[in-house]
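Working notes, beginning with the structure itself.
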4 protein chains.
Amino acid sequence: MNKAILIGRLTRDPEVRYTQSGVAVCTFTLAVDRRFARKEENNGQPTADFIPIVCWRKLAEVCGNNLVKGRRISVEGRIQVRSYDAQDGSKRYVTEIIADEVEFLDSRSSAPQAGGFGAPAPAAPQQSADAGSFGPSIPEEEIPF
Amino acid sequence: MNKAILIGRLTRDPEVRYTQSGVAVCTFTLAVDRRFARKEENNGQPTADFIPIVCWRKLAEVCGNNLVKGRRISVEGRIQVRSYDAQDGSKRYVTEIIADEVEFLDSRSSAPQAGGFGAPAPAAPQQSADAGSFGPSIPEEEIPF
Amino acid sequence: MNKAILIGRLTRDPEVRYTQSGVAVCTFTLAVDRRFARKEENNGQPTADFIPIVCWRKLAEVCGNNLVKGRRISVEGRIQVRSYDAQDGSKRYVTEIIADEVEFLDSRSSAPQAGGFGAPAPAAPQQSADAGSFGPSIPEEEIPF
Amino acid sequence: MNKAILIGRLTRDPEVRYTQSGVAVCTFTLAVDRRFARKEENNGQPTADFIPIVCWRKLAEVCGNNLVKGRRISVEGRIQVRSYDAQDGSKRYVTEIIADEVEFLDSRSSAPQAGGFGAPAPAAPQQSADAGSFGPSIPEEEIPF
DNA sequence: TTTT
DNA sequence: TTTT
């Protein structure tokens, strides 16, 4: 069991890239308000968590085409921790939510946008973005952004 | 809504520290197996996510007194992203799960261990651990480990 | 672990009652859209689940004072199954979600409404509603509506 | 969003049936301990919720083949409320969890058992069980047990 | 009995 | 770097 469920707003427009093999990847950051955190006068303490979200395949396309900065959504997914070696030789960690489902909460009638394996593959993009430049030896699910 | 629900095993014994004001903090790492990740022959890809967990107050005491490396538990909590300035001037991010509840899954009869505000405060420890050495200007909830 | 997380709309205005001892109870039904269920032409199959929600104490007051039919909310809580003996001697079951937190999703800026034990008790109402008429032998948490 | 996450034990061996078209359905009941509910001396109040679980397809087969009364599992799924007309003309409601994933928690090494659409269809059983006797006009997902 |  |  590895489940994350979030409701928040996009801090900026989502970015869509494509792997070398044409798989869409959408990334953005969710601002999730902290409970009991007042907005005014909080002693400089954070009032939200800024959580990186990654969507793949059809869900990436749907999010890239429909989301913009400021929109409120819910995200269901799993917590992924990747490690990589920094230039100074130390080990760094990146934590992201790999989204399985996204629901748009601002629209009047909302339908969940499901990701997953049954969905038809997206058409290959005209020009691959540079997500693929990390090379073929890195599995798509593990691409370091 | 900021909810994380995990089932996994401790990668090492938990550590308990105390803030200057005597509040207990327990930290450990959960190894959460990835779905569809085979153990043997996985091309060197990770088969688990290693997720840092933080418990406070009574829950910290209960976890510190009862958990050991290898035990399986479930954790319910929230995802917290803290940022701090590295020595080289760059900004670094730490993502942890602040646990609200922990359930011990190895024992025959398990009862959830609830954190929260209603619980009696733990007795102040004889000697404060060095968690407080980060100084008084940092709120307890935000201590960088 | 017994966790339910829902996003949906109220099918009607919430009802607030009080137990004999003055504890507020708020009940309503959430319409939660089913994934992949089209609205038009669904062969008479349901496109939503109608799920009874129960809030207690301060959370009951907040919900009773702020929610109306049609509003969209998220609910976090636990699934409770109560059984009772029907007049014909058979056993009947009622399943409800006992809410721990409610977040209002229509407002521009939303803050979660937390229930729980630390919250101050609500002022006793001028006139007790008939929730108390089920009598003193029934614990408040188990009142049959 | 309609999400249920439970940890509990089977109250009896699971039952596997098949629809007319050969789709496997597995049903059982999970006993989920209530928090803060003592076992001894609880004034006759329930110490657990007994929650009906339904699995479909490959997940149904896996559960039917591996689970027995008393085993501890985690379940992730959605809450489904079905209504039907009782013989006395009144409307009755059935609430079940439609499981998406089940994790076996007693075994030393546990792997989540995922349901879903990508899994290969099970071989048609030699003899259809009577789940199909509700007739072809009822969609498989809505079969009243 | 159901919401949009 | 952050949303409302």
Side-chain angles (χ1 to χ4, degrees), chain A residues 6-15 27-35 37-40 42 44-53 63 67-75 102-112 145, chain B residues 1-2 80-85 89-93 95, chain C residues 6-15 27-35 37-40 42 44-53 63 67-75 102-112 145, chain D residues 1-2 80-85 89-93 95:
Chain A
L6 305 170
I7 295 177
R9 312 187 99 107
L10 295 237
T11 63
R12 49 177 173 75
D13 290 347
E15 273 182 65
T27 57
F28 54 86
T29 296
L30 251 205
V32 180
D33 287 337
R34 288 191 184 172
R35 243 177 329 176
R38 319 257 170 131
K39 279 321 171 51
E40 329 80 31
N42 202 41
Q45 290 308 308
T47 60
D49 290 284
F50 296 94
I51 301 178
I53 312 288
C63 288
L67 293 179
V68 293
K69 175 181 173 172
R71 281 211 68 181
R72 177 149 55 182
I73 64 174
S74 72
V75 170
V102 170
E103 196 166 349
F104 304 156
L105 296 177
D106 293 318
S107 45
R108 296 236 72 220
S109 73
S110 76
F145 294 101
Chain B
M1 172 88 60
N2 179 342
Q80 180 178 271
V81 180
R82 292 184 293 110
S83 68
Y84 64 95
D85 299 305
S90 68
K91 206 152 200 119
R92 297 279 170 71
Y93 297 90
T95 303
Chain C
L6 304 170
I7 296 179
R9 311 189 99 108
L10 295 239
T11 63
R12 49 178 172 73
D13 290 348
E15 275 181 64
T27 57
F28 53 87
T29 297
L30 251 205
V32 180
D33 286 337
R34 288 191 182 173
R35 241 177 331 176
R38 314 219 163 178
K39 281 319 173 52
E40 329 81 30
N42 202 39
Q45 290 306 308
T47 61
D49 289 284
F50 296 94
I51 301 178
I53 311 289
C63 288
L67 293 178
V68 293
K69 174 181 175 174
R71 282 211 68 182
R72 178 150 52 184
I73 63 173
S74 72
V75 170
V102 169
E103 196 168 348
F104 304 157
L105 295 177
D106 294 317
S107 45
R108 297 238 72 216
S109 74
S110 76
F145 293 99
Chain D
M1 173 88 58
N2 179 340
Q80 180 178 271
V81 181
R82 293 185 292 110
S83 69
Y84 65 95
D85 300 304
S90 68
K91 206 150 201 123
R92 299 278 169 70
Y93 297 89
T95 302

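Just so we're on the same page: letters track the sequence lines, and every chain starts at 1.
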(request) May I ask whether C/F50 stacks on the base of E/dT2, given the cut-offs of 5.5 Å between ring centres and 30° between planes? (result) yes
(message) Suppose we screen for side-chain contact (heavy atoms from CB on, under 4.5 Å). Which residues come up paired with C/P52, at least two apart in sequence or across chains?
(response) C/E96
(message) Output the rounded distance in Å from CZ (C/R71) to P (E/dT2).
(response) 23 Å
(request) Measure from the side-chain heavy atoms of D/Y93 and tell me the nearest of E/dT2, F/dT4, F/dT2. (result) E/dT2
(request) Using only side-chain N and O atoms of D/K91, determine if any of them is under 4.0 Å from OP1 or OP2 of E/dT1. (result) yes
(message) Nearest whole Å is fine: how far is F/dT3 P from A/D49 CG?
(response) 15 Å
(request) Name all residues meeting the salt bridge (charged side-chain N to carboxylate O under 4.0 Å, His left out) criterion together with A/D13; count only those two or more places apart in sequence or in a different chain, and write none if there are none. (result) none
(request) In whole angstrom, give the distance that lies between atom CZ of A/R9 and atom C1' of F/dT1. (result) 19 Å
(request) Could you tell me which non-hydrogen atom of A/L30 sits nearest to which non-hydrogen atom of A/I7, and how far apart they are? (result) CD1-C, 4.4 Å
(message) I need the NZ-C1' distance between C/K69 and E/dT1, as an integer number of Å.
(response) 10 Å
(request) Take atom CD of C/E15 and atom C1' of E/dT1, then tell me their distance rounded to the nearest Å. (result) 12 Å
(message) What is the distance, to the nearest angstrom, from the CZ atom on C/F28 to the C1' atom on E/dT2?
(response) 14 Å
(message) Test your reading of the model: is there a side-chain donor-acceptor pair from A/R72 to the backbone of C/L105, 3.5 Å cut-off?
(response) yes
(request) Return the value, rounded to whole Å, for the distance between atom CG of C/L10 and atom P of E/dT3. (result) 11 Å
(message) Base, sugar-phosphate or nothing for C/G70? Non-hydrogen atoms, less than 4.0 Å.
(response) sugar-phosphate
(request) Round to a whole Å and report the spacing from CZ of A/R72 to P of F/dT3. (result) 15 Å
